[in-house]
Student: 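Below you will find the structure I want to go over with you.
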Amino acid sequence: MTTSADSLVAFGQQHVARGLGRLTEAVMAKGEGSYVTFEDGRRMLDFSCGIGVTNLGHCHPKVSKAAADQCVNIVHAQCSISFHGPYLRLIEKLLPIMPDPSLDSFFFWNSGSEAIEASLKMARQITGRQNIIGMQGGYHGRTFGAMAVTKSKTIYSEGSFPLMPGVFAIPFPYWHQLGLPINTSEEELVRLSLYQLDLVLKQQTAPRDTAAIIVEPVLGEGGYVPAPASFLKGLRAVCDKHGILLIVDEVQSGFGRTGKYFNVEYSGVRPDILTIAKGLANGFPLSGVVSRKELTDKLVPGSMGGTYAGNAVSCAAAVAVANAFREEKVLDNVSARSSELLTSLKVLMIAVEFASPLYSPNDPALVSSAPKNLASRVTKRCMEKGLLILTTSLYEVIRFIPPLNISQGDLQKGCQIFAESVKEVVREG
């Protein structure tokens, strides 16, 4: 096997499928807290957290120890054969932090996409209906059903049609996607989006044929745009009126990323089905689908499952994550650091959108004189200065996803690098 950094990269470029995109052509060797080290010796501050996964930083000692300890007890206790202890202990830890006490029935899988697949399947089986309504700009995954309800970029499904049938979309209450001025009131944005939902239910999929509405309370790949509480309450009212299930996708926004365990808590809206992943196990592959027992009791035993679903090592790691959140007062740190990052927004799930010359001539935010490819150029400059940070959305957006337990000093360091990079790239034009 090749050993030098350059030869490892060359080997990967030759043998790793081209369908995987990468931020950098490098080999990550070690992660510790808020930093990652590459095989070529570079040590970088990580404001990506593996796309919102390592919320407690890389290789959190309590999480790593819990996983290591579990490895010498049992690694693969298959969920269709028996219960296992970490699975049940994780449920015990999660029950008190659910955004609504009705959410008391759990199924664990491996990835966010799989959790979405399970939620769509459950909604269809529970209601006896087929159709799903999603959001323009929403992202839910790259597997077949998840890909069908993903409307953030065509790259995820291009060349794969026909996708899962029975999927419809409404506009998310986001001024840019609605083609409205940036100062359009939240009330008007919500009104327009809910009106489009009314039209979809009258013109495209009748309520009696509609199993679920799926929504991210904060658009992830759509640009880190929070859904107004009034919009989520409007969706809840429509679902209650017509017997439609509300699926809330908290794969990226969950586990403290926006200041509460789950973003939907800000609205007080009750999900019928909640999907979770990413920060759940701080890097170990684990996702979950949570609903209420009266609904999941309608499922046929054996209709859900998976060879590695709810792996014992991943569940043990997730138990340690839950303990660390409580013992280390992680949400208190989120509040402190986020107020430093953006005084008026108490979250660590933040994005910056730049003016763009690149898209439709009908774009209400079109600025033809703006530098081209600004977001990707800024992220590249940040990397040159020692900061990993990611773009998102089809617009020119950069997202901040630092560890939730990041120190004040490291947060200031990252923000300074970002500010310097923006100034330099804008000056270059």
Side-chain angles (χ1 to χ4, degrees), residues 16-25 48-53 109-121 123-124 130-172 174 176-178 200 204 211-227 247-254 257 273 275-279 285 287 289 306 349 351 353 356 358-360 363 373 375-376 379 389-399 401:
V16 174
R18 188 168 178 266
L20 287 171
R22 284 175 297 279
L23 179 66
T24 177
E25 295 299 312
S48 74
C49 281
I51 316 183
V53 173
W109 219 338
N110 307 296
S111 68
S113 290
E114 288 174 307
I116 295 300
E117 297 287 347
S119 71
L120 300 177
K121 181 177 180 178
R124 286 178 162 181
Q130 176 177 335
N131 294 343
I132 308 291
I133 298 174
M135 302 293 142
Q136 184 179 353
Y139 176 85
H140 303 285
R142 293 177 175 89
T143 53
F144 213 67
M147 188 166 56
V149 293
T150 288
K151 306 295 180 184
S152 56
K153 291 180 182 177
T154 56
I155 190 173
Y156 302 124
S157 57
E158 186 177 357
S160 302
F161 285 79
L163 302 178
M164 182 184 79
V167 174
F168 304 85
I170 64 168
F172 194 85
Y174 174 29
H176 208 160
Q177 289 185 167
L178 285 166
V200 165
Q204 300 183 54
I213 296 174
I214 184 167
V215 61
E216 296 170 282
V218 180
L219 289 183
E221 301 303 314
Y224 275 36
V225 183
I247 303 173
V248 175
D249 180 354
E250 293 255 20
V251 166
Q252 188 160 176
S253 58
R257 183 49 62 183
I273 301 174
T275 59
I276 56 179
K278 289 189 181 285
S287 63
V289 186
M349 186 175 181
E353 181 174 342
S356 171
L358 297 178
Y359 300 108
S360 166
D363 186 343
N373 304 314
S376 60
T379 59
I389 197 166
L390 301 171
T391 61
T392 188
S393 168
L394 61 84
Y395 301 117
E396 293 291 317
V397 179
I398 294 177
R399 50 181 159 175
I401 332 174

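From a predicted model like this one, the values you see are computed outputs, not experimental measurements. Start at 1 with the first residue, then count along the sequence.
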Student: Glu353: what forms a side chain to side chain donor-acceptor pair (under 3.5 Å) with it, not counting sequence neighbours?
Tutor: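 Side chain to side chain donor-acceptor pair (under 3.5 Å) check on Glu353 returns Tyr174, His176.
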Student: Among all residues two or more places apart in sequence or in another chain, which pass the salt bridge (charged side-chain N to carboxylate O under 4.0 Å, His left out) test with Glu221?
Tutor: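 Glu221 satisfies salt bridge (charged side-chain N to carboxylate O under 4.0 Å, His left out) with Arg399 once adjacent residues are dropped.
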Student: Please test Ile51 against Gln252 for side-chain contact (heavy atoms from CB on, under 4.5 Å), starting from the C-alpha separation and ending with a verdict.
Tutor: CA-CA 8 Å; Ile51 316 183; Gln252 188 160 176; 4.2 Å; yes
Student: Can you list the residues that meet the side-chain contact (heavy atoms from CB on, under 4.5 Å) rule with Pro171, with sequence neighbours excluded?
Tutor: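 Checked Pro171 against side-chain contact (heavy atoms from CB on, under 4.5 Å); matches are Gln136, Leu178, Ser193, Gln196.
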Student: Taking all non-hydrogen atoms of both residues, which atom of Tyr224 and which atom of Pro226 are closest, and how far apart?
Tutor: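 The pair with the smallest heavy-atom distance is O-CD, 3.7 Å.
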Student: Taking Thr392 for its side chain and Val397 for its backbone only, find out whether a donor-acceptor pair lies under 3.5 Å.
Tutor: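 No, Thr392 side chain to Val397 backbone: no donor-acceptor pair under 3.5 Å.
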Student: Residues two or more places apart in sequence or in another chain: which of them pass side chain to side chain donor-acceptor pair (under 3.5 Å) with Ser119?
Tutor: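 Not a single residue meets the side chain to side chain donor-acceptor pair (under 3.5 Å) criterion with Ser119.
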Student: Of the non-hydrogen atoms in Ile401 and Gly52, which two are nearest, and what is the gap between them?
Tutor: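 Where Ile401 meets Gly52 most closely, the heavy atoms are CG2-CA, 3.5 Å.
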Student: Could you tell me whether a side-chain N or O of Glu216 sits under 3.5 Å from a main-chain N or O of Asp249, the two making a donor and an acceptor?
Tutor: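 It does not hold such a pair.
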Student: Give a yes or no answer on whether the side chain of Gln130 reaches the backbone of Ala211 with a donor-acceptor pair at less than 3.5 Å.
Tutor: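 Between the backbone of Ala211 and the side chain of Gln130 there is no qualifying donor-acceptor contact (under 3.5 Å).
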Student: Calculate, to the nearest 0.5 Å, the distance between atoms CG and OG1 belonging to Asn373 and Thr379 respectively.
Tutor: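 It is 10.0 Å, given to the nearest 0.5 Å.
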Student: Using side chain to side chain donor-acceptor pair (under 3.5 Å) as the criterion, list what pairs up with Ser48, not counting sequence neighbours.
Tutor: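 Only Asp46 meet the side chain to side chain donor-acceptor pair (under 3.5 Å) criterion with Ser48.
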Student: List the residues meeting salt bridge (charged side-chain N to carboxylate O under 4.0 Å, His left out) with Arg22, not counting sequence neighbours, and say none if there are none.
Tutor: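 If we apply the salt bridge (charged side-chain N to carboxylate O under 4.0 Å, His left out) test to Arg22, skipping adjacent residues, the hits are Glu25.
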Student: Scan residues 133-153 for pairs that pass ring-ring contact (aromatic ring centres under 6.0 Å, His included), counting only residues two or more places apart or in two chains.
Tutor: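 Of all non-adjacent pairs touching residues 133-153, those that pass ring-ring contact (aromatic ring centres under 6.0 Å, His included) are Tyr139-Tyr156.
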Student: Could you go through Ile214 and Ile116, starting from their C-alpha distance and side-chain angles, then the distance that decides it, and tell me whether this counts as side-chain contact (heavy atoms from CB on, under 4.5 Å)?
Tutor: CA-CA 9 Å; Ile214 184 167; Ile116 295 300; 4.0 Å; yes
Student: Please list all pairs meeting side-chain hydrogen bond (donor to acceptor under 3.5 Å, both in side chains) that have one or both residues in residues 145-155, counting only residues at least two apart or in different chains.
Tutor: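 Passing the test, one end in residues 145-155: no pairs.
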Student: Looking only at heavy atoms, what is the nearest atom pair of Ala375 and Ile398, with distance?
Tutor: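 Between these two residues, the closest heavy atoms are O-CD1, 3.5 Å.
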Student: What donor-acceptor contacts under 3.5 angstrom involve side-chain atoms of residues 157-164, with partners at least two apart or in another chain?
Tutor:
unit_1: Ser160; atom_1: OG; unit_2: Ser157; atom_2: O; d: 3.4

Student: State, to 0.1 Å, how close Ala115 and Trp109 come at their nearest heavy-atom pair, and which atoms those are.
Tutor: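 Reported closest heavy-atom pair: N-CE3, 4.4 Å.
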Student: Can you give me the closest heavy-atom contact between Ser113 and Ala146, atom names plus distance?
Tutor: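 What the structure gives for the nearest pair is O-CB, 4.2 Å.
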Student: How far apart are the closest heavy atoms of Val251 and Ala277, and which atoms are they?
Tutor: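 Scanning both residues, the minimum pair turns out to be CG1-CB, 3.8 Å.
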Student: Output all residues satisfying side-chain contact (heavy atoms from CB on, under 4.5 Å) with Ala212, sequence neighbours left out; order by chain, then residue number.
Tutor: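 With sequence neighbours excluded, Ala212 shows a side-chain contact (heavy atoms from CB on, under 4.5 Å) to Ala123, Ile132, Leu245, Ile247, given in chain and number order.
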Student: Can Glu396 and Thr391 be said to form a side-chain contact (heavy atoms from CB on, under 4.5 Å), step by step?
Tutor: CA-CA 8 Å; Glu396 293 291 317; Thr391 61; over 6 Å; no
Student: Report the residues that fulfil side chain to side chain donor-acceptor pair (under 3.5 Å) with Glu250, sequence neighbours left out, ordered by chain and then residue number.
Tutor: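 Scan of Glu250 (side chain to side chain donor-acceptor pair (under 3.5 Å), adjacent residues dropped) gives Ser253.
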